[in-house]
There are 2 protein chains.
Amino acid sequence: MHGASIRDIAARAGVSAGLVQHHFGSKDGIREACDAHVLEAITAHAQRGIDGEITSGDLLASMYAASERGVRYIARALVDDSPGVATLFDRGAEMAAQWLNKSWPERFPAGAAVTHERAGTMAAMHLGTLVLHAHLVRWLGVDPLAPGQAHVVSEAMLDVYTAMSDYLSSETGANIRRALAEHRENLTKKRRTP
Amino acid sequence: MHGASIRDIAARAGVSAGLVQHHFGSKDGIREACDAHVLEAITAHAQRGIDGEITSGDLLASMYAASERGVRYIARALVDDSPGVATLFDRGAEMAAQWLNKSWPERFPAGAAVTHERAGTMAAMHLGTLVLHAHLVRWLGVDPLAPGQAHVVSEAMLDVYTAMSDYLSSETGANIRRALAEHRENLTKKRRTP
DNA sequence: CGCTTGGCAATACGATCGTATAGTATCCAA
DNA sequence: TTGGATACTATACGATCGTATTGCCAAGCG
């Protein structure tokens, strides 16, 4: 919310500040309205990621293309304490959990602690490329949110995945993989305590 | 910087606001001092990740344990436009690039565009778990930055890597992997334009 | 002893912010 | 026609913020 005062919003909209105040009730009212708008717009698009064959990386890429401003807003709101967008993170994590469970039912049982942990971390990693968008722009020299550039990050994510898996399946990563498997044993059986 | 006024900082330090102003010159002076302090503290620790055998996930985990407050500060500063911490993102991306190049010299050549893109995305993914820390706390029910909880996210990251790689090596992900390999061909040969 | 220097506090000033209130114009139903 | 609801502006109030100013006081030094 910082850096966007009611007066700025009103000036951008071409009306007075009092009208904005009158229409939304308060500053929080503006944010709630924005959250609801973006949430609704993104939900319909995101549903395709669950029951479709679309991968998580491509899902983000298609979101970029569909609503660049909405994605930028989400990236910004995720680091504020916006309660509406907090549910969007949870929804993303739930989508990841469903995807993990659908892909490996015995490895990521529904409701298990391991599925919950992995899904949350996965959502944080993918949304992290959004939140740190400004740094990626500076590092890459191009804007991944610009039209036609959406593939850069999603492809890189997939490539990192494959590279990391190769590393973990090598001799160097064998002990890491073994230690990880032990921890997973306990978590897989444990139901998540809500 | 939002949410931490000079008066708050002075009250927390037990001194007057005027002294803080006098000592650091301005509000930006405080941030620069904090950036320099954290940067120096974290650099020595991070160097182990490059030439050591330590993985990136374990590197983050050990950073958690070494300086919880420093990590929290970085997570906060990464989403502000702090110029000092911006170099920290670049340093993390450079570390990732070095690690990628050391692990697969022919796959990720030094200075190649593909290495640069992958390293930046990798840094964003890993640092994303820091920046979105508040959401992870809410989702997981525990604080990954709390002492003794550092392993949760790092293990989950590794597990997601293995799961993703299994997905990409399966029949379903075969075409994705194939399309990815084509794009990589061009990027590997191309030198990065600075 | 007198003077300067630096740590430190207290206060004030201007800017910005969210919000409240009063006032004006428009429009639609009774 | 009229009266109230609605869209909209203008202005003001209180709070908070960064910053500048002033002054006190102890330490060091000739």
Side-chain angles (χ1 to χ4, degrees), chain A residues 1-42 69-89 130-135 138, chain B residues 1-42 69-89 130-135 138:
Chain A
M1 292 294 269
H2 317 286
S5 65
I6 287 186
R7 288 168 177 85
D8 288 342
I9 296 172
R12 196 77 80 90
V15 297
S16 71
L19 177 60
V20 178
Q21 169 75 15
H22 171 73
H23 207 72
F24 295 98
S26 68
K27 188 80 182 293
D28 270 325
I30 302 177
R31 179 166 62 185
E32 291 173 6
C34 291
D35 287 356
H37 176 71
V38 173
L39 229 71
E40 181 202 0
I42 220 79
R69 295 191 189 184
V71 173
R72 287 188 195 270
Y73 175 80
I74 290 172
R76 177 71 176 271
L78 272 173
V79 296
D80 297 337
D81 46 358
S82 173
V85 177
T87 68
L88 192 134
F89 178 92
L130 282 185
V131 175
L132 296 176
H133 168 259
H135 295 276
R138 188 190 62 252
Chain B
M1 292 295 269
H2 318 287
S5 66
I6 288 187
R7 290 167 176 83
D8 289 342
I9 295 172
R12 195 77 79 89
V15 296
S16 72
L19 177 61
V20 177
Q21 169 75 13
H22 171 73
H23 206 73
F24 295 98
S26 69
K27 189 81 183 290
D28 270 325
I30 303 177
R31 178 166 62 184
E32 291 173 5
C34 290
D35 287 357
H37 176 71
V38 173
L39 230 70
E40 182 203 359
I42 221 80
R69 296 190 186 182
V71 173
R72 287 188 196 271
Y73 175 80
I74 291 171
R76 177 72 175 274
L78 273 172
V79 297
D80 297 336
D81 46 358
S82 172
V85 178
T87 70
L88 193 135
F89 178 92
L130 281 186
V131 175
L132 296 176
H133 169 258
H135 295 276
R138 188 190 62 252

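Letters go in sequence order (proteins before strands), and every chain restarts at 1. Because only heavy atoms are used, hydrogens play no part in the values below, and waters and symmetry mates are left out as well, while side chains stay in.
- For the side chain to side chain contact (heavy atoms under 4.5 Å, CB included) test, residues two or more places apart in sequence or in another chain that qualify with A:L39 are A:T87, A:L88, A:R91.
- Between A:S82 and A:R31, the closest heavy-atom pair is OG-CD, 3.7 Å.
- Closest of all the heavy-atom pairs between B:R138 and A:A86 is NH2-O, 3.0 Å.
- Taking atom NE2 on B:H22 and atom C1' on D:dA20, their separation rounds to 13 Å, with Å as the unit.
- Per the geometry, NE2 belonging to B:H23 stands 12 Å off P belonging to C:dA9, to the nearest Å.
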Contact state string [nucleotides 16-21 of chain C, B base, S sugar-phosphate only, - no protein heavy atom under 4.0 Å]: -BBBS-
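- Applying the side-chain hydrogen bond (donor to acceptor under 3.5 Å, both in side chains) rule to A:D8 yields the partners A:S5; only residues at least two apart in sequence or on another chain are considered.
- Residue B:A75 comes nearest to B:V131 through the heavy atom pair O-CG2, 3.9 Å, listed as atom of the first residue, atom of the second, then distance.
- For B:F24 and C:dG7, the CZ to P distance is 12 Å, given to the nearest whole Å.
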